[in-house]
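Source: prediction; values computed, not measured.
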Amino acid sequence: QVQLVESGGGLVQAGGSLRLSCVASARTFSPFAMGWFRQAPGKAREFVTAISWGSTNRYYADSVKGRFTISRDIVRNTAYLQMNSMKPEDTAVYFCAADSRYSEIGTQPQYWGRGTQVTVSA
């Protein structure tokens, strides 16, 4: 069982930056991949980015490539999402996710956080 808590959301102007954090806690040690999804009002939840346990592998949705960067700190059990050059269409609730299977992190993650709101004004 992995619990995820996001923070760092807020209001930012278009072109600005935000950094989200996701702290993971687990009862027993087990390596897991982490990722971020987002859900805009009236739309389905969509994949944003994911990172493997050792940070060797990362991949991004086309809509955020070159603007967003995922990273993680194994010691602090924390994943980060650095968002730059933000656009109004990035407005959404951002969810942290985790899965022991890197192959599943972008589709059906086992664990989810509750989300943090990100709003980008034009």
Side-chain angles (χ1 to χ4, degrees):
Q1 186 75 18
V2 177
Q3 294 183 326
L4 305 170
V5 179
E6 305 96 334
S7 62
L11 174 64
V12 63
Q13 289 187 330
S17 299
L18 272 180
R19 187 175 84 153
L20 305 182
S21 299
C22 174
V23 178
S25 59
R27 291 183 178 179
T28 59
F29 173 78
S30 177
F32 50 89
M34 295 184 76
W36 292 92
F37 287 70
R38 67 186 181 185
Q39 187 168 18
K43 296 188 177 180
R45 189 174 299 186
E46 65 175 4
F47 169 77
V48 176
T49 180
I51 188 168
S52 60
W53 169 253
S55 300
T56 304
N57 298 306
R58 316 175 197 211
Y59 64 107
Y60 299 88
D62 288 343
S63 58
V64 305
K65 277 181 183 176
R67 301 188 299 119
F68 290 11
T69 302
I70 189 170
S71 61
R72 69 187 296 175
D73 184 330
I74 295 297
V75 173
R76 291 180 171 82
N77 275 337
T78 302
Y80 304 97
L81 180 62
Q82 178 66 44
M83 304 183 289
N84 299 328
S85 303
M86 297 188 72
K87 305 174 181 180
E89 51 263 44
D90 293 322
T91 296
V93 177
Y94 283 70
F95 297 89
C96 180
D99 198 300
S100 59
R101 308 157 296 175
Y102 180 68
S103 61
E104 300 298 322
I105 189 65
T107 54
Q108 297 287 343
Q110 295 169 300
Y111 307 106
W112 293 93
R114 293 189 174 185
T116 184
Q117 176 69 47
V118 171
T119 302
V120 185
S121 62

K.L.:
Working to the nearest 0.5 angstrom, can you tell me the gap between Arg72 CZ and Ile51 CD1?
P.N.:
6.5 Å
K.L.:
Atom CZ of residue position Arg101 - does it have more than 12 heavy atoms of other residues, nucleotides or ligands inside 6.0 Å?
P.N.:
yes
K.L.:
Are more than 12 heavy atoms from other residues, nucleotides or ligands located less than 6.0 Å from atom CD of Glu89?
P.N.:
yes
K.L.:
Count the heavy atoms belonging to other residues, nucleotides or ligands that lie under 6.0 Å from CD of Gln117, then report whether that count exceeds 12.
P.N.:
yes
K.L.:
Run through the side-chain heavy atoms of Ile, Leu, Val, Met, Phe, Trp and Tyr, join any pair under 4.5 Å, and report what else lands in Tyr102's cluster.
P.N.:
Phe37, Phe47, Tyr59, Val93, Phe95, Ile105, Trp112
K.L.:
Are the charged groups of Asp90 and Lys87 less than 4.0 angstrom apart, N to O?
P.N.:
no
K.L.:
Do Phe32 and Ile74 share a hydrophobic cluster (ILVMFWY, side-chain heavy atoms under 4.5 Å, transitive)?
P.N.:
yes
K.L.:
Looking at Trp36, is its backbone amide N or carbonyl O close enough to the side chain of Thr49 to form a donor-acceptor pair, meaning the two atoms are under 3.5 Å apart?
P.N.:
no
K.L.:
Pair Val5, Arg114 - check side chain to side chain contact (heavy atoms under 4.5 Å, CB included), show working.
P.N.:
CA-CA 7 Å; Val5 179; Arg114 293 189 174 185; over 6 Å; no
K.L.:
Can you get from Val64 to Tyr80 by hopping between Ile, Leu, Val, Met, Phe, Trp and Tyr side chains that sit under 4.5 Å apart?
P.N.:
no
K.L.:
Checking Arg67 side chain against Ser63 main chain: does a donor-acceptor pair fall under 3.5 Å?
P.N.:
yes
K.L.:
Extract all donor-acceptor atom pairs below 3.5 Å that involve side chains of residues 17-25 and protein atoms in other chains or at least two apart in sequence.
P.N.:
from, atom 1, to, atom 2, distance (Å)
Ser17, OG, Asn84, OD1, 2.9

K.L.:
Can you check whether Asn57's main-chain N or O pairs, donor with acceptor, with Ser52's side chain at less than 3.5 Å?
P.N.:
yes
K.L.:
Would you compute the distance between atom CG of Leu81 and atom CZ of Phe68 and round it to the nearest 0.5 angstrom?
P.N.:
6.0 Å
K.L.:
Would Met34 and Leu4 count as a side chain to side chain contact (heavy atoms under 4.5 Å, CB included) here? Give the steps.
P.N.:
CA-CA 10 Å; Met34 295 184 76; Leu4 305 170; 4.1 Å; yes
K.L.:
When rounded to the nearest 0.5 angstrom, what distance separates CD in Gln13 from OG in Ser121?
P.N.:
5.0 Å
K.L.:
Using only atom types and a distance under 3.5 Å, with no angle test, would you say the side chain of Glu6 pairs donor to acceptor with the backbone of Gly115?
P.N.:
yes
K.L.:
Can you see which heavy atom on Pro109 is nearest to which on Ala98, and at what distance?
P.N.:
CB-O, 3.8 Å
K.L.:
Tell me whether Thr116 contacts the main-chain N or O of Gly9 through its side chain, where contact means a donor paired with an acceptor under 3.5 Å.
P.N.:
yes
K.L.:
CD of Gln108 to CG of Asp99: how many Å apart, nearest 0.5 Å?
P.N.:
9.5 Å
K.L.:
Can you pull the salt bridge (Lys or Arg N to Asp or Glu O under 4.0 Å) pairs that have at least one residue in residues 44-59, sequence neighbours excluded?
P.N.:
Arg38-Glu46
K.L.:
Run the side chain to side chain contact (heavy atoms under 4.5 Å, CB included) test on Gln82 and Ser71 for me, step by step, so that the C-alpha distance in whole Å, both residues' side-chain angles and the decisive distance to 0.1 Å come before the verdict.
P.N.:
CA-CA 8 Å; Gln82 178 66 44; Ser71 61; over 6 Å; no
K.L.:
Once you round to the nearest 0.5 Å, how far does OH of Tyr94 lie from CD of Gln39?
P.N.:
12.0 Å
K.L.:
What's the spacing between Gln1 CD and Ser30 OG if we round to 0.5 Å?
P.N.:
12.0 Å
